[in-house]
Structure formats: structure tokens, C-alpha cells
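To start, the structure itself, in C-alpha cells.
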Amino acid sequence: MKYIVAIDEGTTSTRAVLYDLTERKIVKQRATPISQIYPKPSFVEEDANEIYAHTLSSLVEILESVSDVGDIAGIGITNQRETVIAWDKKTGKPLYNAVVWQCRRTAEFMRELSAKYGKIIRAKTGLVMDAYFSASKIKWLIDNVPEIKEKTAKNEICFGTVDSFLIYKLTGGKSFKTDVTNASRTMLMNLNTLDYDEELLSIFGIPRAALPEIVACDAKAGYFTYNGKDIPLCGIAGDQQAALVGQGCLLPGQSKATYGTGLFMLYNLAENIVISEHGLITTVGYKIGDKVAYAFEGSVFNAGSAVQWLRDDLGFFSDAADSEQIALSVPDNGGVYIVPAFTGLGAPYWNSDARGIITGLTRGTKIAHITRAVLEAMAYSAKDLTDVMKAESGIEPEELRCDGGASANGFLMQFQANLSGIPVNRPAEKESTALGAVYLCGIGTGVMRLEDIADYRRTEKMFMPATDENDKYLINYKEWKNAVRKCVLE
Ligand code: ADP
């Protein structure tokens with residue numbers, strides 16, 4: 001076997017990559033954007049048909065570039081998590097747009113549910129009571145879309161996260177499976193049993209028969225037939241968990257931060273299910289064979305999305321990468337702080353009602369200050385999370401392994417190191433998420449060994465903290481906390 005292919009179906013784009021087993025790196029990739037649909041304030045959707053069509057075209061383009069698809073060991077899948085798709089069990093036709101993880105349409109419902117079931121749900125799932133997770137989105141679809149209600153009653157429907165939808169479509173409806181990391185984000189799976197929990201299913205009124213079978217991350221989920229050859233679909237994980245594996249964070253205490261649309265930090269807890277007292281989620285990091293590793297997760301909903309907002313809505317620049325030079329054109333943020341709580345605040349604050357805020361505007365505020373404040377906001381959010389992880393574990397992380405689109409921003413990475421006082425380690429391979437799916441596929445198909453994965457990682461650059469300036473950064477951080485407080489109150 002010469003290659004592994006991975007699909008990385010992200011929030012803003014879907015890509016396929018070709019990994020060369022001899023060179024041990026990604027040698028080709030093809031990405032296609034996914035349109036975002038905002039039907040109402042705080043509603044976020046995507047077209048499920050587009051998700052599949054764009055994923056398929058990226059995949060086919062990669063497969064076409066290989067002279068013999070018989071050289072491909074398998075296709076791994078990683079995906080935006082929590083996003084829910086409902087489709088017809090017989091035809092595979094989506095019955096509504098995909099309800100995206102960022103969507104807040106069920107915030108009120110989750111608040112009401114919290115008083116009665118908050119404790120039970122947190123204990124069983126490790127999650128916090130928030131509209132972010134899949135269960136309330138599925139319930140909304142059943143309650144609000146007559147066709148979905150009818151088909152649910154008749155057992156003619158499938159509900160699933162994007163991994164299960166893609167597997168279903170790519171196998172021509174033969175396989176209806178999800179992996180344990182994606183399932184751990186539905187709010188329907190019990191962390192102890194790694195199976196759907198009857199009480200949770202009944203709280204949300206979701207029939208088990210409508211949900212995919214839960215399998216390990218390295219399990220074979222079916223076959224994709226291409227040019228008459230069956231290629232195994234093997235290696236599935238939610239994007240953040242895949243990045244944890246892709247960054248080689250396989251030991252307890254190792255952590256990674258992904259700076260994408262949102263900002264997600266995962267901390268490996270090995271086999272221990274620890275429920276956080278400070279607003280972290282407990283989730284499944286990965287399950288490989290029988291070996292399960294849990295993880296703490298800090299999820300910040302808006303990070304790179306604020307850079308996108310500056311680019312697309314405010315028109316400050318035409319390329320997200322330009323934000324670096326613009327931020328560096330001013331010596332500091334000019335007293336401007338931005339909390340981009342466009343869809344509420346996630347970890348560690350968990351406030352659905354919060355909305356974004358800009359503080360410290362003066363007549364002298366320039367585009368550069370605002371741009372800088374948006375980049376700094378990502379670093380402050382990451383510090384919020386490392387501080388909490390330190391408080392929970394009592395251990396200061398040795399370094400922060402970074403990835404995601406915005407980790408390309410050198411200003412941000414250096415600012416992060418200075419602010420957090422720990423080295424920021426950026427890998428040579430930026431596509432950690434796709435790489436994680438490649439590794440899980442490699443292990444599942446027997447062309448890689450779990451014990452070798454951590455050695456595959458190469459550092460591209462270490463950003464060392466400027467120790468003499470730490471006080472200055474801590475003052476900035478205090479101002480950030482003040483801005484967060486205002487955005488929660490107002
Ligand atoms: P996702 O997988 O969530 O779709 P990516 O990891 O591809 O996201 O990252 C895309 C995000 O990163 C976008 O929101 C974009 O605005 C931001 N981004 C990309 N490049 C840069 C950069 N050089 N500086 C700052 N932000 C960036």
C-alpha cells in the first residue's frame with residue numbers, strides 16, 4: 001500500500017488529502033468551500049447536499065490523481081462535530097438543511113431543561129447544558145418540521161452527525177455508523193458505557209433506531225466503490241479529536257489548540273473520566289481497538305470567524321493572512337478589546353445570551369487596532385482555557401501544540417507565547433485534523449502502528465515567550481476579562 005486518503009469536512013470548507021506512506025506526509029490536497037446559511041439571527045445552517053457534493057468532488061479529484069486506486073489502504077473521515085443532518089432512511093435524501101454546531105436556535109429550550117436534568121446530563125455525558133450539542137438540534141427538527149416528525153414516528157428517518165451522513169452516502173446507504181468521538185458530542189451517549197443512554201434518549205424524545213451504530217475510531221465503516229474497486233472507509237473522528245491524534249498528543253497531560261472558525265483546546269486524560277469544575281467539557285479523545293482515552297475540552301465558538309467577519313463584512317482586508325501585517329503596523333491594541341461572542345460564549349463562561357462587544361474605542365482607533373484586538377482575542381481565549389486546565393490538573397502545560405487556519409499567523413502565535421508564558425509549538429504539517437484521520441485509518445487498516453504515531457510529528461517553529469514582558473501581557477489579560485464581564489452583563 002502506498003497511500004491513505006482522508007476527508008476533512010470542516011465548517012467552512014471540505015477537503016480531501018492524499019498521504020504518501022513512504023514519504024510520510026500529505027502530498028496533495030483539494031479543498032472546496034461550504035456556503036454558510038444564516039436564515040435568522042443566531043440560526044446557522046449548511047446545505048447537506050452541498051456538503052456531500054463538495055466532499056465527493058474533492059475526494060474524486062484526489063482519487064483521480066493516483067495511478068492505481070488499489071494502492072490506497074483506505075479513506076479516513078474527520079468532520080465538523082455536533083452539526084446534525086436528518087435524511088430519509090430509504091432514499092438518503094436530506095429532509096432539512098444541516099443544523100450547524102454554532103446554531104443557537106435551541107438556547108431557550110436548553111435553559112429550561114437545565115433545572116430539571118442539568119446534573120444528570122452533565123454526569124452522564126461530560127457536556128454542559130448548551131445548544132451547541134446535537135440532541136436539542138435533533139429535537140428541534142422533530143418538533144418543527146412536519147415531514148421529519150412524521151418520518152420519525154414511522155421509523156423512516158436517520159439522524160446523524162456529518163461523519164455518519166458521509167458514510168451513509170459514500171457506501172450507497174449500506175452503512176449507518178458513527179464513531180465514538182462524534183457520538184460523545186450528541187448529548188445522547190453515556191461516557192461510561194460508550195453507548196446511547198435510554199434516559200437521555202427519552203429526555204430528548206429521540207428513538208434509538210434513528211441513530212447510527214457507534215464504532216471505534218479505527219473501525220472499518222464500509223466501502224467506497226470507485227472504478228470498480230472497493231476502498232475501505234476506515235478511521236473516523238470528530239475534527240478536534242482527530243487533531244489531538246494528528247498532533248501526537250497520546251500521553252496524559254498533552255494538549256493541542258486549534259485556531260479555526262472556533263478555538264478548541266483538548267487535553268489528554270487517558271482512561272480517566274474527570275468532570276471539570278471550571279466549565280470544561282469531558283469528551284472521548286479517541287478509541288482505538290479497546291483502548292479509550294478521554295479528554296478535557298475547552299470550546300470557544302468564535303475565533304477565526306472574527307477574522308472572517310473583518311474580511312467579509314467590514315471589508316478591512318481581502319485575505320485573512322493580511323491581518324498579520326496590519327496588526328503589526330501598530331505597536332499595541334490602542335486600548336481596544338473585542339470579545340467576538342457572535343453566538344454566545346463557550347468555555348469557560350458558557351453564556352448563550354452573551355453577544356459580541358468592542359471596548360475602548362477612541363477617535364484615534366484605527367482599522368489596525370481593531371484587527372489586532374481580534375487576533376489578541378484568540379490568544380486571550382486560549383489563555384482562559386490553559387488557566388482552567390492548569391487549575392483542574394495542577395500541572396502547567398509544557399508547551400502548546402497549535403494548528404488550524406489562524407495558526408499560520410506569526411503575530412498571533414508569538415503573542416500567545418508571550419501572554420501564556422509557555423512555548424507555542426507549531427508543527428511542520430498544518431493539517432493536523434486530516435493527519436489524525438490518516439493515522440486512525442492507517443492503524444485500522446494495519447499499515448501503521450499506534451506506538452509509532454507520536455514520533456511522526458515534526459516541529460516547524462517554536463515561539464518562545466518573552467519572559468521580561470510578562471507583566472505587560474497580564475495587564476492586557478485583565479482588560480480582556482473586564483470586556484468579557486461587560487459582554488455578559490449587557
Ligand atoms: P475550519 O476547519 O474551522 O473551517 P480552518 O482551520 O480552515 O477552519 O481555519 C479557517 C479560519 O482561520 C477562518 O476563520 C479564517 O478567518 C482564519 N484564518 C486563516 N488564515 C488566517 C491568518 N493568517 N490569520 C488569522 N486568521 C486566519
Side-chain angles (χ1 to χ4, degrees), residues 6-17 26 29-36 44 46 50-51 54-55 58 77-83 98 100-102 132 162 237-243 246-247 256-265 299-329 338 340 342-343 346 368 370-379 381-382 401-416 424 426-427 429-437 460-461 463:
I7 291 169
D8 174 8
E9 198 295 305
T11 312
T12 54
S13 71
T14 181
R15 67 189 67 215
V17 308
I26 292 172
Q29 55 174 301
R30 168 86 169 86
T32 319
I34 300 285
S35 325
Q36 314 286 302
V44 188
E46 290 178 1
E50 182 186 312
I51 290 178
H54 287 190
T55 302
S58 303
I77 297 177
T78 177
N79 57 289
Q80 54 171 314
R81 308 167 304 166
E82 297 99 13
T83 297
V100 173
W101 57 276
Q102 290 167 313
Y132 172 31
V162 176
D239 52 11
Q240 302 310 322
Q241 283 88 342
Q247 286 269 26
K256 69 90 203 171
T258 299
Y259 300 73
T261 304
L263 165 63
F264 297 90
M265 203 177 287
S299 339
V300 175
F301 302 139
N302 287 285
S305 59
V307 177
Q308 243 171 327
W309 173 67
L310 295 184
R311 187 193 62 190
D312 301 341
D313 296 279
L314 302 194
F316 281 12
F317 38 80
S318 55
D319 185 345
D322 296 341
S323 61
E324 180 169 354
Q325 285 318 313
I326 295 172
L328 285 168
S329 71
I338 298 187
F342 303 134
T343 51
I370 295 180
T371 303
R372 188 165 171 133
V374 159
L375 296 176
E376 288 187 3
M378 286 195 239
S381 300
R401 295 186 173 187
C402 292
D403 55 56
S407 71
N409 192 305
F411 163 77
L412 169 63
M413 295 293 98
Q414 188 58 56
F415 189 89
Q416 185 74 73
V424 168
R426 190 166 68 184
E429 179 51 71
K430 305 291 181 298
E431 298 292 337
S432 314
T433 306
L435 212 51
E460 178 250 333
K461 190 163 177 183
F463 295 84

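Indexing begins at 1, ligand by ligand and atom by atom, following the structure's order.
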Who pairs with Thr12 by side-chain contact (heavy atoms from CB on, under 4.5 Å), at least two apart in sequence or on another chain? Gln36, Thr261, Gln308

For ligand 1, does Ala303 get within less than 4.0 Å through its side chain, its backbone, both, or neither, judged by non-hydrogen atoms? neither

Heavy-atom contacts with Gly404 under 4.0 Å: which atoms of ligand 1 show up? List them by number with element. 6 (O)

Can you tell me the protein heavy atom closest to atom 4 (O) of ligand 1 and the distance? Thr12 OG1, 2.5 Å

By number and element, which atoms of ligand 1 are closer than 4.0 Å to a non-hydrogen atom of Asn409? 24 (N), 25 (C)

Quick test: of every protein heavy atom, which one is nearest to atom 11 (C) of ligand 1, and how far off is it to 0.1 Å? Gly260 C, 3.9 Å

Answer yes or no: is there a donor N or O on one side and an acceptor on the other, between the side chain of His54 and the main chain of Ser13, under 3.5 Å? no

Would you tabulate the side-chain donor-acceptor contacts of residues 312-324 under 3.5 Å, counting partners in other chains and residues two or more places apart, or write 'none'?
from, atom 1, to, atom 2, distance (Å)
Asp319, OD1, Ala321, N, 3.1
Ser323, OG, Ala320, O, 2.6
Ser323, OG, Asn409, ND2, 3.3
Glu324, OE1, Gly410, N, 3.2
Glu324, OE2, Gly410, N, 3.3
Glu324, OE2, Phe411, N, 3.4

Check whether any side-chain heavy atom of Asn302 sits under 4.5 Å from a side-chain heavy atom of Gln102, and report yes or no. yes

Do side-chain atoms of Lys256 reach the backbone of Phe264 as a donor and acceptor pair under 3.5 angstrom? yes

Can you name the atoms of ligand 1, numbered from 1 with element, that are less than 4.0 Å from a heavy atom of Thr11? 4 (O)

Atom 10 (C) of ligand 1 [closest protein heavy-atom partner, distance rounded to 0.1 Å]: Gly405 CA, 4.2 Å

Can you pull out the closest protein heavy atom to atom 12 (O) of ligand 1? Residue, atom name and distance to 0.1 Å, please. Ala406 N, 3.6 Å

Report the nearest protein non-hydrogen atom to atom 16 (O) of ligand 1: residue, atom name, distance rounded to 0.1 Å. Gly304 O, 3.0 Å

Looking only at protein heavy atoms, which one is nearest to atom 23 (N) of ligand 1, and what is the separation? Ala321 CA, 3.4 Å

Classify the contact between Ser323 and ligand 1 as side chain, backbone, both or neither, using a heavy-atom distance cut-off of under 4.0 Å. side chain

What do you reckon, does Gly262 have a nitrogen or oxygen under 3.5 Å from a nitrogen or oxygen of ligand 1? no

Assess whether side chain to side chain donor-acceptor pair (under 3.5 Å) is satisfied between Glu46 and Thr83, documenting all intermediate values. CA-CA 9 Å; Glu46 290 178 1; Thr83 297; over 6 Å; no

Atom 3 (O) of ligand 1: nearest protein contact (heavy atom, Å): Thr261 OG1, 2.7 Å

Using the rule side-chain hydrogen bond (donor to acceptor under 3.5 Å, both in side chains), only one of Thr433, Asp403, Asp239 pairs with Thr258; which is it? Asp403

Identify the protein heavy atom lying closest to atom 7 (O) of ligand 1, giving its residue, its atom name and the separation to 0.1 Å. Arg15 NH2, 4.2 Å

Look only at the side chain of Glu429 and the backbone of Leu435, and say whether a donor-acceptor pair between them is shorter than 3.5 Å. no

Are the side chain of Arg15 and the backbone of Gln29 linked by a donor-acceptor contact shorter than 3.5 Å? no

Among side-chain atoms of Ser58 and Thr14, is any donor-acceptor pair under 3.5 angstrom? no

Hey, is Gln308 one of the residues with a heavy atom under 4.0 angstrom from ligand 1? yes

